[in-house]
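To start, the structure under review is shown below, and the notes come after it.
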Amino acid sequence: DDWTAYTYSSVSTTAAVKGMQRIVDRVAEDTDLTIDLHLGKTLQIASSDITQAVGDGIIDMAADFFFSGSVPIARVLNLPMLIENDEEWAKAYAAMEPTLIDAFAQQGVVLLGGYRYPEQTIFTTFEINSLADLEGHKIRVTSPEQGKFVEMFGGAPITLSGSEVPTSLERGVIEGVLTASAGGAKNWHEFLPYNYRFAVNYGNSMIIANADSFDALSEDTQTKLREIVAEEGPATTAAFLEDEEAQKASQSEAGMTLVDAAEGDSEMAGEKLAPYWESWAEENGPEYVEALATVREAIGK
Amino acid sequence: MEAILAFGLLIGLILGGMWVQFAVAGAGLTYIWLLKGFGGWKALGLVSWGAANSFTLAAIPLFVLMAEILLGSGLSTRLYNGVAPFMRRLPGGLLHTNIAGSGIFAAISGGSAPTAAAMSTVALPELSARGYNKRLVAGSLAAGGTLGILIPPSITMIIYATFTETSIARLFAAGLVPGILLALCYMGFIMARVLINPKLAPKTETKASAGDLGRALLDIVPFLMLIVIVLGSIYGGFATPTEAGAVGTVGAILIAALYRKLSWRLLKDALSRTASMSGNILFIVFTSMIFAYATALSGIGEDLVGMLEEANVSRLTFLLIIMVVFAILGCFMEGLGMIAIIVPVIFPALMAMDVNPIWFGVFVVILVELGQLTPPLGVILFVVASSSDEVKVEDVIMGTLPFFLIIVAFMLLLIGVPDIALFLPEFTFG
Amino acid sequence: MQTQSRTGPASAGPIFDVAAWITGAATGLVLVALVSLVCLEALLRGGFNYSLGFAEELTGYGVVFMTFFGAALALRGHAMFQVHFLLDTWPEGTRRWLIRAFVLIALLICVILAWKTKDLTLSSFSRGKFAPTVLRTPLWIPQIMLPAGFSVLAFFLVEQLLLTFRKSEET
Ligand code: NA
Ligand code: NA
């Protein structure tokens, strides 16, 4: 068999692409399946359309970070302040996995596994020592949930096309972004002198395959593919964590001021956002309420 | 093989006289079919959506609308009346305003298509009416557009930086000097052309009095106001480069009102011309993305790069071959697609050869620009052609050819003297 | 007939004029909306620290609309790019047949693209896919612009085909 695979990421040196490349290489070695991996922006398929592209059989396999329009229930894992560390993530993801597998199956997609970026923290052009310093500042957000977070602390959530972020930071159109050091901050760090190390939320990527293409594989290949993804997904997460530390060090060396989260900020923010999680779930429907309850139970919050 | 067939079909249809957009779409569909059969076409829905649904492309209609309002209100005629007496002695006269104007526009907009679209809309009718050679006018406008992504802000540079994890601030600084130098090269060429053949540009013999010059200065005022509004909105942190087009449109309307030129008729005509012109440009960008999808699917870009890497050549030869590869792909792809396909693949090899990534960024940006000037799929050629009924694509191609050669020569200079690009970033950032 | 072609683009009948008028009015409105929306976003953000949150999304949809409906206007206004120098060397009869062939190929392309984008719209509808933004726009709604746009293009291509016959009657 010959598959076409696609990843949203266009940077060949990032842990996300290296991980996918390892999967492709190992599959080629261990099975009769060959996978042709295309990097982000090479095919004219928007990042937010990847799950649909896989479901419709336009591509056979993909890494999808922007699945929230197709499988919105997975966003419960990205709610601000709900999951605050690696341990909680592991528990929450395990509890949600059956729901996610089901939700992706409804899209005609097999969820093989995934990987996770390090925590998204606050990068700003102004001095920041606590969440209270967000007051009155324009922060670029990438989801309505992040927007809610910024709004709760008096900041102004701004949506802006990614290609305009650097110029906008330089000129003061926006004054900060929420991202991981090993993610967006890698590109924009020179416009961002301050980093408040406050974990707002996590972002994760799903590794998925078209259901029909997957079913057409021999049972042996299916098992092998699942095994490889199950190994390389966590390996990618680990590589990201390592990269995060390296980026923090190099960004600090380049002059960025890294500020540890202020005492009590996390508890305060968690309490402030808890009612929002519930209203978010209720707004979206009963299955969201159930998913939120599952996650909260798993992490004991 | 599929690539040759698809490309042959593309050229055949275009030369035969088919609408260029449908020729590109037809060749693209055929290309996909050759690669994947009819099943490949099921991607067309998502590819169409992904290609057309773009925030940054909004800069094209926005800047065109701004230019149409300037043109319709007579403010652009006033501008050229104002500038003309000062350019009287310079061989080439107002042709230099095309280059200078493009340079200013480049500092406003993030892309070359909006730059060329706005400048051409205003300049082509004005300069043709004054008896300038239309091929030279069109060529200078297309060439001027290339400054759009060289002089910051530049979306192409931001994209390159994302692919390669290089410094955007350094890239911006690195583009500035080559941008200005290239503009000076264009001006030098225009002067030389006109000195050799004075018929290309009209010459006024009358001498302007001090009073004439004063009145002329007043004629420049409205345009200066617009520049202040638009540049101010960007550098004051009010608008992004894409949004600047909308701010400029509102600014142009306000200035037209100030000079009592505003009317419903003006707005209606400007809207109607903008719709047709930007639809025409956006649709060719759209169809070339379908073709680019097929090209990406075929893996021809990777094949070319693979051959290049296997050739095991010297640094200079490597860079020269990269120029050729970009030139080939540039004939049937749009710019960003080329960067996406080529840059990540060759980047490790470049690092091994000790090529400075900032310098290479400037190099690639100029190559992308070059691709936008090569037929059959040079977007800028079509942008310039769309701004006037009297100028055909053929005229633009012929007019652009010498400027194309200047750019190629400039790239060779850049290879020989990398400091042209690297001096400023090293000076500013150490 | 001749007076008509002097005042506006050649027309194959009132139904095409009406369609062109509606397309023109709609693209004009979308342009005005684009300018207003983008300016308003910049104004609110710069002046009041407030972002609409949907300006980027709606602007993208506006671009989709301008792409196809603007192109339809360009086609009708004979502004759509063409390279003429070979075409002009053919005798009138050959040229007319060539143009007919081009129109038919273009029509076929439009039909294919309208069909495939219609499939996309249905896929988005049945998946319940929406834009992950504050508006949560169900994506089939803006995606309808694609098949609609290709249909409008096809409609005006039909006019071009009819016009090739009209001219032959006159000569
Ligand atoms: Na620029
Ligand atoms: Na080209």
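Convention: sequence-line order gives letters A, B, ...; per-chain numbering from 1.
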Checklist entry - Measuring heavy-atom distances to chain B, does I59(A) have an atom under 4.5 Å in its side chain, in its backbone, in both, or in neither? => result neither
Checklist entry - Can you tell which of S9(A), S168(A), S12(A) has the highest number of heavy-atom pairs within less than 4.5 Å of chain B? => result S12(A)
Checklist entry - About how many Å separate CH2 of W188(A) and OG of S167(B), when rounded to the nearest 0.5 Å? => result 14.5 Å
Checklist entry - Is chain A contacted by the side chain of F347(B), its backbone, both, or neither, given a heavy-atom distance below 4.5 Å? => result neither
Next on the checklist: For the backbone of T242(B) and the side chain of E164(A), can you confirm whether one donor and one acceptor N or O come within less than 3.5 Å of each other?
Outcome noted: yes
Checklist outcome for this item: When the 4.5 angstrom heavy-atom criterion is applied to A294(B) and chain A, the contacting part is neither
Checklist entry - For the residue pair K42(B) and G57(A), what are the closest heavy atoms and their distance? => result CE-O, 3.2 Å
Checklist entry - Picking from T56(B), I159(B), I155(B), I234(B), which has the most non-hydrogen pairs under 4.5 angstrom with chain A? => result I234(B)
Checklist entry - Side chain, backbone, both or neither: which part of T4(A) has a non-hydrogen atom closer than 4.5 Å to chain B? => result side chain
Next on the checklist: Less than 4.5 Å to any heavy atom of chain A: does that hold for the side chain of F55(B), its backbone, both, or neither?
Outcome noted: side chain
Item to check | Residue part contacting chain B, namely of Q52(A), when any heavy atom lies under 4.5 Å | outcome: both
Checklist entry - Side chain, backbone, both or neither: which part of L297(B) has a heavy atom under 4.5 Å from chain A? => result both
Checklist entry - Is the side chain of E190(A) donor-acceptor paired with the backbone N or O of I168(B) at a distance under 3.5 Å, no angle test? => result yes
Checklist outcome for this item: Note: F238(B) and V173(A) closest approach over all heavy atoms is N-CG2, 4.1 Å
Checklist outcome for this item: The interface call for K41(A) against chain B, heavy-atom contacts under 4.5 Å, is both
Item to check | Within 6.0 angstrom of D215(A) CG, more than 12 heavy atoms from elsewhere | outcome: yes
Item to check | Region of S10(A) in contact with chain B, defined by heavy-atom distances below 4.5 Å | outcome: both
Checklist entry - Considering all heavy atoms of both residues, which atom of M289(B) and which atom of Q44(A) are nearest to each other, and what is their separation? => result O-CG, 3.3 Å
Item to check | Heavy-atom neighbours of W41(B) CH2 exceed 12 at 6.0 Å | outcome: yes
Item to check | Which of G172(A), S163(A), A46(A) touches chain B most, by non-hydrogen pairs under 4.5 Å | outcome: S163(A)
Checklist entry - Do you know which of L39(A), I174(A), V17(A), T167(A) has the most heavy-atom pairs with chain B at a distance under 4.5 angstrom? => result T167(A)
Checklist outcome for this item: Minimal heavy-atom distance between A296(B) and T42(A), with the atoms involved, is CB-O, 3.2 Å
Next on the checklist: Quick check for you: to the nearest 0.5 Å, what is the distance between D49(A) atom CG and L46(B) atom CG?
Outcome noted: 5.0 Å
